[in-house]
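Numbers here are sequence positions counted from 1. First listed ligand is number 1; within each ligand, the first listed atom is number 1.
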Amino acid sequence: MKLVSPSLLSANFGNLQHDIEMLNRSECDWLHVDVMDGVFVPNISFGQPIVKHIKFHAKKPLDVHLMIVDPGRYVADFAEAGADILTVHYEACTHLDRVLHSIRDHGMKAGVVLNPATSVELLEDSVQLCDLVLLMSVNPGFGGQKFIENTYSKVRRLRAICDRKNPQCLIEVDGGVNLQNASALYEAGADVLVAGNAVFKSDDPVLTIHQLKQ
Ligand code: DX5
Ligand code: ZN
C-alpha cells in the first residue's frame, strides 16, 4: 500500500481550515495530527479541542499521534474528539496491551509508535493487537528534522515480524520524509508515509502529495 498522511504540525495554525480544505482536495489518504504535552516530548502542540475542529473540516480519517505521557488516560477523549486512528508511544505505556484494547474498544484503529532507539523486536508480543505500527524516523517533538537512515533496517525487520504475526498490520514512517526517500521507504515495506515540511513548505502541496504517492 502507498498511503500519505500529511502532518498538520507544519500547517498554518492561523488558518487550519484553509490547509485542511487543500488536503481534502488532494490525493492524501489520512490527516496526521500530532498531539504533544511538553513532558513526553519537549514541545507542546495542541489537544482535544483543536482535534475536534480539525475533524469538523476534514473529509479523511484523522491519524492522531499522541506524544504524551500515560496516553491511556485520554483514549476516550480522543475518540470523542473524532480520532479514527490513535497511536501511542511504546515508551509512554506501562500497560500497552490494555491501552491497545481500550483504543479498539472505543471504535478506533490502534497503533504503537517506536522512537528511533526502540527496537522493533520489542513488538513480538503486541503487534497482533495493532492495526498499524508507526516508526519514528526522527526524535519526536518537532517538524523539519533530518531523516535517520537506520529507519530502513527497522522497516524491513518490522515487515518480517508482521508477515509472521499480523500480515494486515500497516507500517507507517514519520519524520524527515520527502520526495528523495519516499520510494525507498515504500520499497523497504512501509505502507504509510507522514510528511510535514515536505508537503507544507513546498510550492505546490497538492502536487507534492501526488508525487509522494508515486
Ligand atoms: C514529529 C512529528 C511529525 C512531524 C513530521 O515529532 O511526529 O509528525 O510533524 O514533520 P516532518 O515531516 O517535517 O519531519
Ligand atoms: Zn507524528
Side-chain angles (χ1 to χ4, degrees), residues 3-13 16 19-20 22-23 26 28-47 50-51 54 58 60-69 71 74 78 81 83-93 103 108-118 130-152 154-155 170-186 190-203 205 208-209 211-213:
L3 308 184
V4 172
S5 187
S7 169
L8 286 169
L9 191 64
S10 301
N12 177 4
F13 283 7
L16 274 176
D19 284 356
I20 295 165
M22 177 278 289
L23 295 176
S26 81
C28 82
D29 299 277
W30 302 344
L31 271 60
H32 187 81
V33 178
D34 289 301
V35 175
M36 305 179 181
D37 65 356
V39 180
F40 182 71
V41 288
N43 199 7
I44 299 177
S45 58
F46 48 74
I50 302 289
V51 176
I54 294 171
K60 307 187 187 195
L62 296 194
D63 162 30
V64 178
H65 173 193
L66 295 185
M67 283 161 274
I68 65 176
V69 296
Y74 294 96
F78 282 98
D84 298 279
I85 301 153
L86 196 64
T87 61
V88 295
H89 271 260
Y90 181 91
E91 303 84 3
C93 292
I103 294 172
M108 298 175 284
K109 301 239 186 270
V112 179
V113 193
L114 299 187
N115 278 335
T118 306
C130 294
D131 298 291
L132 77 161
V133 174
L134 172 52
L135 297 179
M136 289 309 304
S137 38
V138 298
N139 287 294
F142 304 93
Q145 301 183 81
K146 193 175 170 297
F147 179 83
I148 295 172
E149 297 286 327
N150 182 49
T151 309
Y152 294 112
K154 289 181 78 175
V155 171
L170 299 179
I171 300 177
E172 185 175 23
V173 176
D174 181 9
V177 172
N178 54 39
L179 290 174
Q180 282 69 52
N181 54 27
S183 57
L185 283 166
Y186 287 130
D191 301 290
V192 191
L193 300 184
V194 176
N197 270 29
V199 167
F200 287 98
K201 305 288 179 238
S202 99
D203 293 336
T208 302
I209 290 166
Q211 290 167 334
L212 282 168
K213 284 178 71 81

Does Lys201 have a non-hydrogen atom less than 4.0 Å from ligand 1? no
Starting from atom 3 (C) of ligand 1, locate the nearest protein heavy atom and write down its residue, its atom name and how far away it is, to 0.1 Å. Asp174 OD1, 2.9 Å
Quick test: of every protein heavy atom, which one is nearest to atom 12 (O) of ligand 1, and how far off is it to 0.1 Å? Gly196 N, 2.8 Å
Check Lys154 against Leu114 and note the closest heavy-atom contact, atom names and distance. NZ-CB, 4.4 Å
Plane angle bin for Phe40 and His89 - parallel if under 30°, tilted between 30 and 60°, otherwise perpendicular: tilted
Flag side-chain contact, heavy atom, 4.5 Å: Asp131 against Ile103: no
In the protein, which heavy atom is nearest to atom 1 (C) of ligand 1, and how far is it? Phe142 O, 3.5 Å
May I ask which of Ser137, Ser10, Gly176 has a heavy atom nearer to atom 14 (O) of ligand 1 than the others do? Gly176
Atom 9 (O) of ligand 1: which protein heavy atom is closest, and how many Å away? Ser7 OG, 2.8 Å
Is any N or O atom of Gly141, backbone or side chain, closer than 3.5 Å to an N or O atom of ligand 1? yes
Do the side chains of Asp34 and Asn43 get nearer than 4.5 Å, heavy atoms only? no
Restricting to N, O or S atoms of Asp174, which is nearest to the Zn ion (ligand 2)? OD2
If you define the side chain from C-beta out and look only at heavy atoms, does anything of Asp63 sit under 4.5 Å from Leu134? no
Identify the closest protein heavy atom to atom 10 (O) of ligand 1: which residue and atom is it, and at what distance? Gly143 CA, 3.5 Å
Hey, which atoms in ligand 1 end up nearer than 4.0 Å to a heavy atom of Met67? 6 (O), 7 (O)
Should Trp30 and Leu3 count as side-chain neighbours, where that means a heavy-atom distance under 4.5 Å? yes
Beyond-backbone contact of Val41 with Phe142, side-chain heavy atoms, under 4.5 angstrom: no
May I ask you to identify the nearest protein heavy atom to atom 2 (C) of ligand 1, giving residue, atom name and distance to one decimal place in Å? Asp34 OD1, 3.5 Å
Below the 3.5 angstrom mark, is there an N/O of Asn139, backbone or side chain, next to an N/O of ligand 1? no
Can you name the atoms of ligand 1, numbered from 1 with element, that are less than 4.0 Å from a heavy atom of His65? 7 (O)
Would you tell me whether Thr151 and Ser137 have side-chain atoms, one donor and one acceptor, within less than 3.5 Å of each other? no
Among the N, O or S atoms of Asp34, which one sits nearest to the Zn ion (ligand 2)? OD1
Below 3.5 angstrom, do we get any N/O pair linking Ala195 and ligand 1? no
Would you name the N/O/S atom of His65 that lies closest to the Zn ion (ligand 2)? ND1
Is there a side-chain contact between Asp37 and Tyr74 (heavy atoms, below 4.5 Å)? no
Ligand 1 N/O within reach of Leu9 N/O, cut-off under 3.5 Å: no
Quick check: are there more than 12 heavy atoms from other residues, nucleotides or ligands sitting under 6.0 Å from NZ of Lys109? no
One finds that the ligand 1 atoms under 4.0 Å from a non-hydrogen atom of Met136 are 7 (O)
